[in-house]
Amino acid sequence: MATGFMTHTLFFWHDTGTAALMLPADPMAGIQPDAHVESGHTKRRGYELLDVTGLLDTMHRVPARPARIGELLRVHTDAYVQRVADASARPRGGDAGDGFTPLGHGSAEIARLAAGGVLELVSAVASGNLTNGYALVRPPGHHATADTGMGFCVFNNGALAARHAQIQLGLRRVAIVDLDTHHGNGGQSIFWTDPNVLHVSIHEAGSFPPDSGWIEETGADAGEGYTINVPLPLGSGHAAWIYAMRQVVLPALHRFQPELIIVPIGYDGGCFEPLARQALVVDSYRQMASLLTRAADRLCDGRLVAISEGGYSSGMAPWCGVGFVEGLTGRNGNLSDPYAGITAGYAAAPMLPHQQDVIERAARLVPRIPATVSAG
Ligand SMILES: [Zn+2]
């Protein structure tokens, strides 16, 4: 069996306009016009690198299709879906909500194609005909809440995938493991009171959204205990992230016993990333994908779907994607990480005590996940 792969050329055409990093261009304010940091450039390079390394040939293509409005409404409000459609229909587009989520003309249709493609991938993986799945999409999704776009994210692809699995495919318990370096606030808010969706996020503390993703945020009502955050200090690297995987993510998955694992995966933890200050290397992503793939094999017949989120170093993020896909597929591409020598110091850097302390505090939350199925 092969890993499924879903992308579409239109994803690279979602137009975020001119900006400096994430600030809309404003020459009179000194914000020089440049490509928005979340343009199609980096992910197109990621796609090309999967091709050139031969990894694309090892995967099974799953075609995209537009999400139906009814599918979007499982997660998003009617008013929000309409707002995105209205802004996208304007000749010059608009914004999906927070002023930092630009929509080009036609972006609503592209966002629907991304979301629908993710749902097709989830169906294909759940059918048992694929080992697992990887979706390379734009716009990203994990910051989007039920009623607003946020942080470049329009429709919450991971949340839509979880609801699709439950409502359409009859899977009950879904785990979301958000490995983008910014907090997975959208999924957390959508499933805040839901005991059937475990939401675990490893991210840089206090990055984006600025006051979100703290250890104290653990869900509410019936969902109490099913949200776990690992807010890592600035400068956390390979050792800390792998420790967080082993001490928090894997035990949490084991306790929750998911029937499907969804992984919003951003490569903005890379050591050359412009929008965060973590220090991961390509091999970090390979190892995290391997750990999750093995957990999925043990827990849920391998059912795991990874969905691309952020990652803004056009040089390094595509290589982090190669590492992650190598972990998912269990195969090596025909080129090896050209940055390995340059990043060797980052790879070898030890975890520091204040990083370990955060991870161990988060690990103490795992036994609070109600063990309805298995105490493991
Ligand atoms: Zn991010």
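Atoms within a ligand are numbered from 1 in the order they appear, just like the ligands themselves. Atoms considered below: every heavy atom in the structure, side chains included; atoms not considered: hydrogens, waters and symmetry mates.
Within the structure, no pair that satisfies the salt bridge (charged side-chain N to carboxylate O under 4.0 Å, His left out) test touches residues 311-323, not counting sequence neighbours.
Coordination check, Glu309 versus the Zn ion (ligand 1): failed, since every N/O/S atom of the residue sits at 2.8 Å or beyond. For residue His182, an N/O/S atom approaches the Zn ion (ligand 1) to within less than 2.8 Å.
Classified by interplanar angle (parallel below 30°, tilted 30° to 60°, perpendicular above 60°), the ring pair Tyr134/Phe5 is parallel.
Qualifying side-chain hydrogen bond (donor to acceptor under 3.5 Å, both in side chains) partners for Trp241, counting only residues two or more places apart in sequence or in other chains: Gln278.
Taking the Zn ion (ligand 1) as reference, Asp268 places its N/O/S atom OD2 nearest. With respect to the Zn ion (ligand 1), Asp180 has OD1 as its nearest N, O or S atom.
Shown here is Arg331, whose CZ atom has no more than 12 heavy atoms of other residues, nucleotides or ligands within 6.0 Å.
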